[in-house]
Trainee: 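One structure, pasted below without further comment.
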Amino acid sequence: MREVDSTPTDTESLARLTSARMAATRNRVGSLRAPWIFRGARPRASSEAEKLERPLEPGVASVQTTGYATFVVATVGACLALLAAALALNVLVDPFAIDGIGLLPTAVEADRSIKLNLIQHLERSPEIVILGSSRARQAEPSFLTRITGETAFNAAVTGGTAADAWVMARYVRDRFPREPHHYIWFVDAGIATKGINPQLAEDPRGKRYLAGKGVDFTLADVGTYIGPQASLASWRVFEKCVLHTCKARLRYLPDGAIARPTLKYLPEHAASLQNSVSHLVDAVRRHPPREPNTNPARYRFFERAIAFMNAHGIRPVIVLNPIHPKVLAELRRHGFAQRRASLAYLHALHRRYDFVVVDGEDISRWGGSPQQFTNATHVNRVNMRRLLRYIVAHSDGALR
């Protein structure tokens with residue numbers, strides 16, 4: 001029996017071979033196309049999707065508008081509430097004596113209102129009125145009465161300017177319009193300034209004599225009382241006078257003098273007179289005084305006050321304040337231009353007004369003692385009594 005030949009025929013072999021080659025060709029083409037498909041088509045599609053999904057506006061703009069506005073409104077509201085609370089506290093405490101509520105003592109010495117109060121309650125008109133700054137507060141009205149026989153009142157105030165003297169002179173006159181008054185006006189070498197103390201301007205009894213000053217609490221006062229300085233001053237007053245017991249150390253007598261036991265509390269009372277003099281001498285030596293400001297505007301209240309006194313038949317006595325001899329010597333060494341300018345001004349002013357000038361700068365003129373100073377520019381009561389005697393003796397009858 002014959003075996004069947006399993007060898008493929010030529011036709012079958014050719015078909016199989018062709019099929020195998022085509023499969024191999026497809027495999028080779030697929031392996032060549034796969035990297036192009038991965039590197040080209042797919043990344044491009046991924047990049048397109050990424051661009052479409054990315055936010056096109058800044059990150060801040062994506063925050064919800066309503067939430068941001070609420071935050072801003074809340075912050076501004078909190079700031080305004082804090083300022084309003086500070087203003088309310090400072091107005092009630094009134095540390096600078098601006099609004100005049102008077103619930104608590106002020107953080108500053110309010111001797112302007114004190115002197116106006118004393119004048120208001122005087123039962124008898126003073127025949128001699130003392131004007132000036134803290135350098136005149138040591139003048140005792142009772143001592144003047146003793147050596148002149150005339151009643152007196154001390155209206156000098158801390159940092160007193162010509163505006164203070166103008167107001168005090170007017171107020172005494174309006175308080176006692178039918179009585180005669182004489183004036184001793186202590187001034188520094190600069191003679192006068194045009195400054196107006198805020199407390200004086202806000203006091204109802206003083207503001208009416210000062211042109212251009214409003215009657216009410218102003219926007220400028222609001223600005224002052226929402227500042228940190230006013231708040232700190234209010235806290236000091238609150239701590240001393242509410243949390244603890246406070247009282248004014250300086251005590252004034254009905255005639256405007258400071259009670260003797262409280263003189264030690266004066267701010268000009270130096271712990272060491274020698275140190276005070278040395279410091280001022282060194283200051284003059286390092287920074288010699290320049291030519292003074294002679295702008296006529298700075299003498300406005302000074303001349304107005306003298307004209308007012310002259311209009312009522314009064315010759316005021318202008319006293320140049322004493323200076324410690326060591327300080328005066330240093331000033332003279334540098335020419336003391338301020339004194340020269342002031343004397344020239346007073347000499348020219350004599351052509352229009354009537355007044356007496358008593359030069360008390362050099363204590364050797366009136367027998368003053370270099371040891372009887374509270375600091376380099378303020379004499380104590382011992383020296384002031386000697387000066388008052390000299391003033392009365394050289395007032396050319398203006399005090400009688």
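For the numbers below, each heavy atom of this structure counts, side chains included, while hydrogens, waters and symmetry mates do not.
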Trainee: Check Pro289 against Val284 and note the closest heavy-atom contact, atom names and distance.
Mentor: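 Smallest interatomic distance, heavy atoms only, reads CD-CG1, 4.1 Å.
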
Trainee: Would the distance check show the side chain of Arg135 and the main-chain N or O of Thr377 forming a donor-acceptor pair, the cut-off being under 3.5 Å?
Mentor: yes

Trainee: Which pairs would a plain distance check flag for residues 253-267, meaning a side-chain donor or acceptor within less than 3.5 Å of a matching protein atom at least two apart in sequence or in another chain?
Mentor:
from   : atom 1 : to     : atom 2 : distance (Å)
Asp255 : OD1    : Ala257 : N      : 3.1
Thr262 : OG1    : Arg251 : N      : 3.3
Thr262 : OG1    : Ala259 : O      : 2.8

Trainee: Would a 4.5 Å heavy-atom cut-off, applied to side chains only, mark His324 and Pro370 as touching?
Mentor: yes

Trainee: Which residues pass the salt bridge (charged side-chain N to carboxylate O under 4.0 Å, His left out) test with Arg332, sequence neighbours left out?
Mentor: Asp362

Trainee: Indicate yes or no: does Lys115 engage Asp164 in a salt bridge with an N to O separation below 4.0 Å.
Mentor: no

Trainee: Whether the side chain of Ser276 engages the backbone of Ser272 through a donor-acceptor N/O pair (distance < 3.5 Å, no angle test) should be reported.
Mentor: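 Judged by distance alone, no pair lies under 3.5 Å.
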
Trainee: Short question: side chain of Asn383, backbone of Arg386 - any donor-acceptor pair under 3.5 Å?
Mentor: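 Side chain of Asn383 to backbone of Arg386, a donor-acceptor pair under 3.5 Å: no, none is there.
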
Trainee: Using side-chain contact (heavy atoms from CB on, under 4.5 Å) as the criterion, point out the one residue from Asn154, Leu399, Leu131 that pairs with Ile184.
Mentor: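 Looking at Asn154, Leu399, Leu131, the match for Ile184 under the side-chain contact (heavy atoms from CB on, under 4.5 Å) is Leu399.
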
Trainee: Assess whether side chain to side chain contact (heavy atoms under 4.5 Å, CB included) is satisfied between Val187 and Ile318, documenting all intermediate values.
Mentor: CA-CA 7 Å; Val187 298; Ile318 308 299; 3.8 Å; yes

Trainee: Taking atom types as modelled, is there a side-chain donor on Gln371 or Ser369 under 3.5 Å from an acceptor on the other?
Mentor: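 Yes, Ser369 and Gln371 have a side-chain donor paired with an acceptor closer than 3.5 Å.
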
Trainee: Please examine the side chains of Arg124 and Phe176, heavy atoms only from C-beta on, and report whether any two atoms are closer than 4.5 Å.
Mentor: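 Heavy-atom side-chain distance check fails, nothing below 4.5 Å.
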
Trainee: The test is side chain to side chain contact (heavy atoms under 4.5 Å, CB included); show your working for Phe153 and His181 and say whether it passes.
Mentor: CA-CA 10 Å; Phe153 181 86; His181 306 100; over 6 Å; no

Trainee: State which residues pass salt bridge (charged side-chain N to carboxylate O under 4.0 Å, His left out) with Arg381; sequence neighbours excluded, sorted by chain then number.
Mentor: Glu140

Trainee: Quick one: do Arg205 and Ser113 satisfy side-chain hydrogen bond (donor to acceptor under 3.5 Å, both in side chains)? Show the steps, please.
Mentor: CA-CA 9 Å; Arg205 295 159 299 186; Ser113 295; 4.6 Å; no

Trainee: Ignoring hydrogens and angles, tell me if any N or O in the side chain of Asp203 forms a donor-acceptor pair with the backbone of Lys207 under 3.5 Å.
Mentor: no

Trainee: Which atoms form the tightest heavy-atom contact between Val379 and Trp366, and what is the distance?
Mentor: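 Taking every non-hydrogen atom into account, CG1-CH2, 4.5 Å.
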
Trainee: Do Arg175 and Ser125 have side-chain atoms, one donor and one acceptor, less than 3.5 Å apart?
Mentor: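 Per modelled atom types, Arg175 and Ser125 side chains form no pair under 3.5 Å.
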
Trainee: Tell me which pairs pass salt bridge (Lys or Arg N to Asp or Glu O under 4.0 Å) where either residue lies in residues 76-87, with sequence neighbours left out.
Mentor: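 Found none.
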
Trainee: Is there a path of hydrophobic side-chain contacts, each under 4.5 Å between heavy atoms of I/L/V/M/F/W/Y residues, joining Val129 to Trp166?
Mentor: yes

Trainee: Looking at Phe308, does the NZ or CZ of Arg170 lie under 6.0 angstrom from its six-membered ring centre and within 45 degrees of the ring axis?
Mentor: yes

Trainee: Give me the atom names and distance for the closest heavy-atom approach of Gly190 to Arg298.
Mentor: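 For Gly190 and Arg298, the tightest heavy-atom pair comes out as O-NH1, 3.1 Å.
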
Trainee: What's the shortest heavy-atom distance between Ala136 and Gly132, and which atoms?
Mentor: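 Distance-wise, the nearest heavy atoms are CB-CA, 4.4 Å.
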
Trainee: Strictly distance-based, threshold 3.5 Å: is any side-chain N or O of Asn310 a donor or acceptor partner for the main-chain N or O of Tyr353?
Mentor: no

Trainee: With under 30° as parallel and over 60° as perpendicular, where do the rings of His350 and Phe355 fit, or are they tilted in between?
Mentor: parallel

Trainee: Looking at Arg173, I'd like to know if its CZ atom is crowded, meaning that more than 12 non-hydrogen atoms belonging to other residues, nucleotides or ligands lie closer than 6.0 Å.
Mentor: yes

Trainee: Let me see the working for Leu328 and Phe336 under side chain to side chain contact (heavy atoms under 4.5 Å, CB included), right down to the final yes or no.
Mentor: CA-CA 9 Å; Leu328 182 60; Phe336 207 173; 3.6 Å; yes

Trainee: Quick one: do Val358 and Leu387 end up in the same hydrophobic cluster if we chain Ile, Leu, Val, Met, Phe, Trp and Tyr together by side-chain heavy atoms under 4.5 Å apart?
Mentor: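 Same cluster: Val358 reaches Leu387 through Ile, Leu, Val, Met, Phe, Trp or Tyr contacts under 4.5 Å.
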
Trainee: Does the plane of the ring in Tyr299 sit parallel, tilted or perpendicular to the ring in Phe302? Use 30° and 60° as the thresholds.
Mentor: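 Rings of Tyr299 and Phe302: perpendicular, over 60°.
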
Trainee: Measure the shortest side-chain to side-chain distance between Asn321 and His378 over non-hydrogen atoms and say whether it is less than 4.5 angstrom.
Mentor: no

Trainee: Only pairs under 3.5 Å count here: list side-chain donor-acceptor contacts from residues 337-349, not counting sequence neighbours, and write none if there are none.
Mentor:
from   : atom 1 : to     : atom 2 : distance (Å)
Arg339 : NH1    : Asp359 : OD1    : 3.4
Arg339 : NH1    : Asp359 : OD2    : 3.0
Arg339 : NH1    : Glu361 : OE1    : 2.6
Arg339 : NH2    : Asp359 : OD2    : 2.6
Arg340 : NE     : Gly335 : O      : 3.2
Ser342 : OG     : Ala189 : O      : 2.2
Ser342 : OG     : Gln338 : O      : 2.9
Tyr345 : OH     : Glu303 : OE2    : 2.8

Trainee: How close do Gly195 and Thr161 get, heavy atom to heavy atom, and via which atoms?
Mentor: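 Reported closest heavy-atom pair: O-OG1, 2.9 Å.
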
Trainee: Show your working on side chain to side chain contact (heavy atoms under 4.5 Å, CB included) between Phe186 and Ile391 and close with a plain yes or no.
Mentor: CA-CA 11 Å; Phe186 292 83; Ile391 293 170; 3.7 Å; yes

Trainee: Which pair of non-hydrogen atoms, one from Ile363 and one from Pro325, has the smallest distance, and what is that distance?
Mentor: CD1-CG, 3.5 Å

Trainee: May I ask whether Ile128 and Tyr390 are part of the same hydrophobic cluster, defined by side-chain heavy atoms of I, L, V, M, F, W, Y residues being less than 4.5 angstrom apart, directly or through others?
Mentor: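 In one cluster with Ile128: Tyr390, yes.
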
Trainee: I need the full list of side-chain hydrogen bond (donor to acceptor under 3.5 Å, both in side chains) pairs touching residues 391-400, with sequence neighbours left out, sorted by first then second residue.
Mentor: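 side-chain hydrogen bond (donor to acceptor under 3.5 Å, both in side chains) check on residues 391-400 returns Arg315-Asp396.
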
